[in-house]
Amino acid sequence: MELKKLTSVNLIDVDVVLTDKDEVIRHLVKKLAHEGKLYSEEEFYRDVMVREKLSPTGLEAGLAVPHGKSSAVKTASFAVAKLQKPIENWESIDENNKVDLVFLLAIPKEEAGSTHIQLLAELAKRISNPEYRKRLQNCTSAKELYENLDGFHQTDEENHSISESTMIVAVTACPAGIAHTYMAAEALQRAGNEVGVTVYVEKQGANGIEDSHTDEQLRKADVAIFAADVAVKNEERFAHLPIYRITVAAPLKDAKGVIQKALETAKSKEKTEYQPQKRESREDTTSWKTEIKNSILTGISHIIPIIVAGGMILAFTVLVAQAFHLQELYDTENSWLWMLRKLGGNMLGTLMIPVLSAYMAYSISDKPALGPGFAAGIAATMINSGFLGGMLGGFLAGYIIKFLKKKLPPKGTFSGFISFWVYPVVGSLVVGALMLLVFGKPIAGFNNILLHWLDNLSGNNAVVLGAILGIMVSFDLGGPVNKAAYTFCIGAMASGNFIPYAAFASVKMVSAFSVTAATLLFKHYFEEYEREVGKSTWFLGLAGITEGAIPFIIEDPLRVIPSLCIGSAVTGAIVTVSKIGLNVPGAGIFSLFVLQGAPLLKAGMIWLGAAFIGAFISTVLLVVTRIHKFKRQQLQS
């Protein structure tokens, strides 16, 4: 990117005397206005000052980059002031920063997602280079500074071969994903070169993941640095490494110190073997089956907090209304109880499906797919297609954006425009049209058929459904099969049928209760560590956590899995045939107070009793199979 195209000698002042931030900004705004870059000088000044209140625009080493995205700007440009006397109180990332070089960026509002990001990122990279920065600060005239804006050649520090010396992999990310992300990356790489450590930096910014770490880098790295003010994407890739976490601003203040502390972290905690098969790769080489599975699991993981919070808020309002005889208040519009009820209901009814679609799309095509994903979820809600429509919308949004990224990659001058306008706008329009005009009626119709089938389940059909759900829940205790059952139950709940989730929640206690009962009542058949695990597994079961029984499955899967699945199948069948419902996910034992389908006491006895019956059966089978195992071992010996 040529910086000289966005400014001129007349927009640069060298050795100008200005005493504070406001005076500097007003001075540079006047220069932009005088050169015909603005429609309104005052309006642009106000927009810049509004931006100043959001976060510091002072950086480090004497630099500040105030900026404004404003409808008062005619054409994208920037003005520069090299101050004769530094300003010491300019709010900066580095609290010791004394500003003497200021770039004021003027960006038209319609270019907020393109020129703005590209210019900020380019400046961030360049001014992080001490030689470039020194060259500008040593200029004695506006013309000299203008001529030195370009001709910058960044050292390609990521193409050299991987050495066998100390290696660090790092991730930088800031909320905006622009200046600080790139500047922190530059600072870490430069400091690494100075201290003799190889540093590879992955930028997770406004354009998604850039310079993604390779398997070879991750395998050979000694430690990972997370310089981030937002969640790091695909963090599981670094599970084998010691991780040093800091803010994105920390490397700008003391990059060498950051690297030194990271190396100390590496000494205190050893890395383990890197297992690339566990990495959820976003590369095009990922199989479509894996991509679809990861997409579904990502969407579900993001809606679980919404479902739990919304369901519990809704349950709280029901309990309060029932316990304190406030049914009238519960039904009175705009009362405090009514508003809480609506809050919980809208989290489940309005927010859940769009979030599911958005994060399924995000899993497939990263940040550009979020907007189209939300659009798909809203469309699914509009056509009453429920959970199935939301999942279809998530797939459509993700693969539409993936297609656009392949056919229209964000390169060159228009990269920002493509990422922040073309992808979300075109993607949202296409997926919205497909959902509303093409797939709407078929999906809504299929969803209604499924709902009708669930509503009319009785007799043998209900028994079979409950048994299958029970087996799936306890087959791998939180693994893919368990998650498939969860997805079905949440989908049924989103469509208004609460029976499958009631069965799911009851079955989740079976494995935990049976393991505890077997190890406590028949201690001499189990090892000491198994008895210790069994002491706490029942408590996890009350919270709806099945994973406590996993050590038993790992130790003896051929006996334990069938034992747990048989009892779980009985539990699931009892709940579904009794038509007990539950519309509050994740409540564990507290589900007793919000069960549906029968009077509260009766519903609770059936739901919890089914769990105890299943646990009893599984306990007997666990003990019988363990005794059989011991007898076989004695005969063989």
Side-chain angles (χ1 to χ4, degrees), residues 300 307 311 315 348 386-388 446-478 481-514 541-542 544-546 561-619 621:
I300 289 174
I307 293 172
L348 293 173
F387 202 79
L388 292 176
F446 182 77
N447 190 63
N448 289 332
I449 292 171
L450 177 62
L451 182 58
H452 180 73
W453 176 72
L454 287 170
D455 286 337
N456 289 280
L457 276 177
S458 61
N460 293 335
N461 290 334
V463 169
V464 171
L465 174 64
I468 291 173
L469 285 175
I471 291 169
M472 292 177 72
V473 171
S474 294
F475 181 77
D476 56 359
L477 302 179
V481 177
N482 177 288
K483 287 292 189 293
Y486 178 78
T487 302
F488 174 79
C489 295
I490 291 296
M493 180 186 293
S495 298
N497 189 290
F498 309 128
I499 294 173
Y501 192 85
F504 180 86
S506 182
V507 170
K508 286 203 292 183
M509 294 184 282
V510 171
S511 58
F513 289 175
S514 58
L542 290 178
I545 299 172
T546 61
I561 291 177
S563 299
L564 297 181
C565 286
I566 291 171
S568 298
V570 173
T571 297
I574 292 173
V575 176
T576 52
V577 81
S578 302
K579 294 195 173 182
I580 302 301
L582 177 62
N583 67 344
V584 181
I589 195 62
F590 295 106
S591 302
L592 279 169
F593 301 105
V594 287
L595 293 168
Q596 301 177 356
L600 194 60
L601 181 59
K602 180 181 178 181
M605 290 177 65
I606 294 172
W607 183 79
L608 188 58
F612 283 140
I613 292 171
F616 173 78
I617 294 171
S618 290
T619 299
L621 292 173

K.L.:
Determine the sole option in Val507, Val510, Leu564 for which the side-chain contact (heavy atoms from CB on, under 4.5 Å) test with Val473 is passed.
P.N.:
Val507
K.L.:
List for me each residue that meets side-chain contact (heavy atoms from CB on, under 4.5 Å) alongside Leu600, sequence neighbours excluded, and say none if there are none.
P.N.:
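With neighbours one apart ignored, the set is empty.
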K.L.:
Roughly how far, to the nearest 0.5 Å, is CD1 of Ile580 from CD1 of Ile606?
P.N.:
4.0 Å
K.L.:
Kindly compute the distance separating OG (Ser591) from CG (Leu608), expressed to the nearest 0.5 Å.
P.N.:
10.5 Å
K.L.:
Can you name the closest pair of heavy atoms from Cys489 and Leu469 and give their distance?
P.N.:
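Shortest heavy-atom contact: SG-CD2, 3.9 Å.
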K.L.:
If you look only at pairs with a residue in residues 566-575, which of them pass as a side-chain hydrogen bond (donor to acceptor under 3.5 Å, both in side chains), with sequence neighbours excluded?
P.N.:
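Qualifying pairs, neighbours excluded: Ser474-Ser568.
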K.L.:
Where do Ala512 and Gly541 come nearest, in terms of heavy atoms and distance?
P.N.:
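It is CB-CA, 3.5 Å.
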K.L.:
Roughly how far, to the nearest 0.5 Å, is the CZ atom of Phe488 from the CZ atom of Phe504?
P.N.:
12.0 Å
K.L.:
Applying side-chain contact (heavy atoms from CB on, under 4.5 Å), can you list everything that pairs with Ile471, at least two apart in sequence or on another chain?
P.N.:
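Ile471: side-chain contact (heavy atoms from CB on, under 4.5 Å) contacts with Cys565, Ala569.
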K.L.:
What residues, two or more places apart in sequence or in another chain, satisfy ring-ring contact (aromatic ring centres under 6.0 Å, His included) together with Phe593?
P.N.:
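ring-ring contact (aromatic ring centres under 6.0 Å, His included) check on Phe593 returns nothing, list empty.
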K.L.:
Just jot down the side-chain contact (heavy atoms from CB on, under 4.5 Å) partners of Ala611, sequence neighbours excluded, or say none.
P.N.:
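For Ala611 the side-chain contact (heavy atoms from CB on, under 4.5 Å) partners, ignoring immediate neighbours, are Ser506, Met509.
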K.L.:
Supply the atom-to-atom distance Leu592 CG to Leu582 CG, rounded to the nearest 0.5 angstrom.
P.N.:
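That separation rounds to 9.5 Å.
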K.L.:
Check whether any side-chain heavy atom of Thr576 sits under 4.5 Å from a side-chain heavy atom of Val463, and report yes or no.
P.N.:
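They are not in side-chain contact.
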K.L.:
Determine the minimum heavy-atom distance between Ser618 and Ser514, stating which atoms define it.
P.N.:
CB-CB, 3.6 Å
K.L.:
With sequence neighbours left out, what residues match Phe612 under ring-ring contact (aromatic ring centres under 6.0 Å, His included)?
P.N.:
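For Phe612, the residues satisfying ring-ring contact (aromatic ring centres under 6.0 Å, His included) (neighbours in sequence not counted) are Phe513.
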K.L.:
Please give me the minimum heavy-atom distance between Ala610 and Ile574, naming the atom from each residue.
P.N.:
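Distance-wise, the nearest heavy atoms are CB-CG2, 3.7 Å.
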K.L.:
If you round to the nearest 0.5 Å, how far is CD1 of Ile617 from CD1 of Ile566?
P.N.:
9.0 Å
K.L.:
Excluding sequence neighbours, so at least two apart, what forms ring-ring contact (aromatic ring centres under 6.0 Å, His included) with Phe475?
P.N.:
none
K.L.:
The criterion is side-chain contact (heavy atoms from CB on, under 4.5 Å); which residues satisfy it with Phe498, sequence neighbours excluded?
P.N.:
Met493, Asn583, Gln596
K.L.:
Is there a side-chain contact between Ile613 and Val570 (heavy atoms, below 4.5 Å)?
P.N.:
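Yes. Closest side-chain heavy atoms under 4.5 Å.
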